[in-house]
Amino acid sequence: MAFNKKIEELKKRREQIAQGGGEKAIEKQLAMGKMTARDRVRSIVDADSFQEYDMFVQHDARDFDMDKITLHGDGVITGTGAVNDRPVSIYAQDFTVAGGSLGSMHARKITKIMDHALKMRMPIIGINDSGGARIQEGVNSLAGYGDIFFRNTINSGVIPQISVILGPCAGGAVYSPALTDFVFVVDKISKMFITGPEVIKTVIGEEISMEDLGGARVHSEITGNAHFFANSEAECFLQIKKLLSFIPWNNSEKAPRQKPKDPKAEYRIDRIVPSDPKQPYDVRDVIRAVVDDSDFFEVQELWAVNAVIGFGRINGETVGFVANQPLCLAGVLDVDSSDKIARFIRYCDAFDIPLITFVDLPGYLPGIDQEHAGVIRHGAKILYAYSEATVPKVSVILRKAYGGGYIAMNSRHLRADYVFAWPAAEIAVMGPEGAANIIFRKEIMAAEDPDRMRQQKVDEYREKFANPYVAASKGYIDSVIEPVETRQLLMHALRVSVNKNQHIPNKKHGIPPF
Ligand code: HXC
């Protein structure tokens, strides 16, 4: 064959493969409000930066007449490209080809690009849109999933792993996203569940829609499986790019530095926190008042909202923020918020991102529900994560810091590097009301006017203990500061921490309260 003809043949093959599952299947995909796999990849990476690999890979299944079927690219597109001019690996399951189901060659394409991402120390982005294990391939497809999960685990903490759920993600397939760092979902499009509605109906006789079982809202608000919720695929892709602008490319690089910018003038840090310790406020405004350009990128915004986590920049450098949110349950720690905070601390620690903690909480949430849901085991995760983290760790106590909450929220005792407190901070074993009722119970009961006596004792207690100066006198906090000094002090603390070099004793690994 003449060389020109070979080029023609190559072009024809490429064109055919780029058709995915064909016109009809693509029409069905678009009618569901979904983009095609190739368009998704092109929308995430920088223009003209995508290079596809393994487009000629074919499945090797023989049963159920599979040998008579061609599956273009075996239902998954893999390759490399750039985001914000920096290299990424990416794969996208193509639902138009056998429902994006995962057979052995499909899995091999994914594991190959994952290995490549690890070797080149770049992020891996996986777009999931699949009917799950390819039923015709039996145990070979299960083996493929196992190979992916193994790599998710080994890559964890070395390169960023991002999962995007843009269609069904069913059965054991959900465990790859669950093992990755960040999961993105899109309203009405993303579906994640272990057992689908059909199985649930057969086994337990309950009817439930896919949306109510494992739609984007369910995983963003109830389960906490998703980290970012978007209303459209386009919005989701912008979120991915924004996240990538904040995080380092691997665990031996720093996050990209941006030009420093002052916070916006509308966030007046001295006017956000009410002096009445019972009044709520939005702690995100405090974060916005200290970060560059007031740009705070919140993670898991809709789940466990009594805690706030996310990224911002101080003087151009990425910082991870952890805060109690007095807008919800007074900012208490509970089972879910403990999980949310602990995992984020470990993410930041793995990728060398300094942590800033804003403290304002009455403690752990009391009650049978929480005790039985395992608040001891879950709450311990925060203690473990902060204690183990060796990145620079700075705390600012804004108002209340009571009991276990005081210790858990990056206290000096867990080796915080700098602890600052605002003048209205109350640091004590518990709130003045509870404390007075316990330690002055006899006096209150014996008084002629118990309510007046109780109030007197509450005031006495507050005066004596519920302030920052007792802790400051012991060196548990380093400085009592004015709110307006916060950003400057954070900048200072981070600047003088650049050479922080702290090690934990040599061990294979600890045993965190998973
Ligand atoms: C092979 C599959 C498939 C699968 C879908 N298809 N899922 N082929 N194996 N798992 C094929 C369909 O036969 C169909 O082919 C095409 O993909 C599109 O599927 P439709 O059903 O027409 O699409 P839709 O109506 O949108 O429904 C999507 C769906 C449904 C909800 C995902 O296909 C479905 O329920 N699939 C099975 C899901 C499942 O139970 N998977 C196994 C999970 S167990 P044609 O040729 O007709 O176009 C699992 C174990 C993993 O994954 C364990 C790992 C540890």
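Just follow the structure's listing: the first ligand is 1, and inside any ligand the first atom is 1.
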Between Ile309 and Gln300, what is the shortest heavy-atom contact and its length? CD1-OE1, 3.6 Å

Less than 4.0 Å between a side-chain N and a carboxylate O, is that true for Arg121 and Glu253? no

Among all the protein's non-hydrogen atoms, which is closest to atom 15 (O) of ligand 1, and how far away is it? Ala98 CA, 5.0 Å

Gly171-ligand 1 polar pair, N/O distance under 3.5 Å: no

Taking only heavy atoms of Met210, which atoms of ligand 1 are found under 4.0 Å from at least one of them? 31 (C)

For ligand 1, which atoms sit closer than 4.0 Å to a heavy atom of Ala170? 52 (O)

Heavy atoms of the protein only: does one fall short of 4.0 Å from atom 35 (O) of ligand 1? no

Which residue supplies the protein heavy atom nearest to atom 51 (C) of ligand 1, what is that atom called, and how far is it? Gly172 N, 3.6 Å

Using only atom types and a distance under 3.5 Å, with no angle test, would you say the side chain of Glu233 pairs donor to acceptor with the backbone of Met35? yes

Between the main-chain N or O of Asn306 and the side-chain N or O of Gln325, is there a donor-acceptor pair closer than 3.5 Å? no

Could you check whether atom 30 (C) of ligand 1 has a protein contact, counting only heavy atoms that fall below 4.0 angstrom? no

Please indicate whether any nitrogen or oxygen in Gly131 is less than 3.5 Å from any nitrogen or oxygen in ligand 1. yes

Give the numbers and elements of all ligand 1 atoms closer than 4.0 Å to a heavy atom of Ala133. 4 (C), 9 (N), 10 (N), 49 (C), 50 (C), 51 (C), 52 (O)

Using only atom types and a distance under 3.5 Å, with no angle test, would you say the side chain of Lys109 pairs donor to acceptor with the backbone of Asp54? yes

Need the ligand 1 atom indices (1-based, order shown) with element for anything under 4.0 Å from a heavy-atom of Arg134. 1 (C), 9 (N)

So for Ser101 against ligand 1, with non-hydrogen atoms under 4.0 Å, the contacting part is side chain

Counting from 1, what ligand 1 atoms have a heavy atom of Tyr145 closer than 4.0 Å? 51 (C), 54 (C)

Phe95 six-ring centre to Lys34 NZ/CZ under 6.0 Å and within 45° of normal: yes

Flag this pair as yes if the NZ/CZ of Arg313 is under 6.0 angstrom from the six-membered ring centre of Phe246 and inside a 45 degree cone about the axis; otherwise no. yes

Quick look: Leu142 vs ligand 1, heavy-atom contacts under 4.0 Å, and the answer is side chain

Which part of Phe95 is near ligand 1, with near meaning a heavy atom under 4.0 Å away: side chain, backbone, both or neither? side chain

Which residue owns the protein heavy atom closest to atom 16 (C) of ligand 1, what's the atom, and how far is it? Gly99 N, 3.7 Å

In terms of side-chain geometry, is the basic nitrogen of Lys191 or Asp212 positioned less than 4.0 Å from the acidic oxygen of its partner? no

Would you kindly specify which portion of Gln136 sits under 4.0 Å from ligand 1, judged on non-hydrogen atoms: side chain, backbone, both or neither? side chain

Between Asp349 and Arg346, is the closest basic N to carboxylate O distance under 4.0 Å? no

Could you check whether any side-chain N or O of Ser220 sits under 3.5 Å from a backbone N or O of Arg217, counting only pairs where one atom can act as donor and the other as acceptor? no

Indicate the atoms forming the closest heavy-atom contact of Gly510 with Tyr384, along with that distance. CA-OH, 3.1 Å

Looking only at distance, does Ile135 have an N or O less than 3.5 Å from an N or O of ligand 1? yes

Using a 4.0 Å cutoff against the non-hydrogen atoms of Phe149, which atoms of ligand 1 qualify? 55 (C)

Would Lys28 count as a contact residue for ligand 1, given that I'm defining contact as a non-hydrogen atom of the residue lying under 4.0 Å from a ligand atom? yes

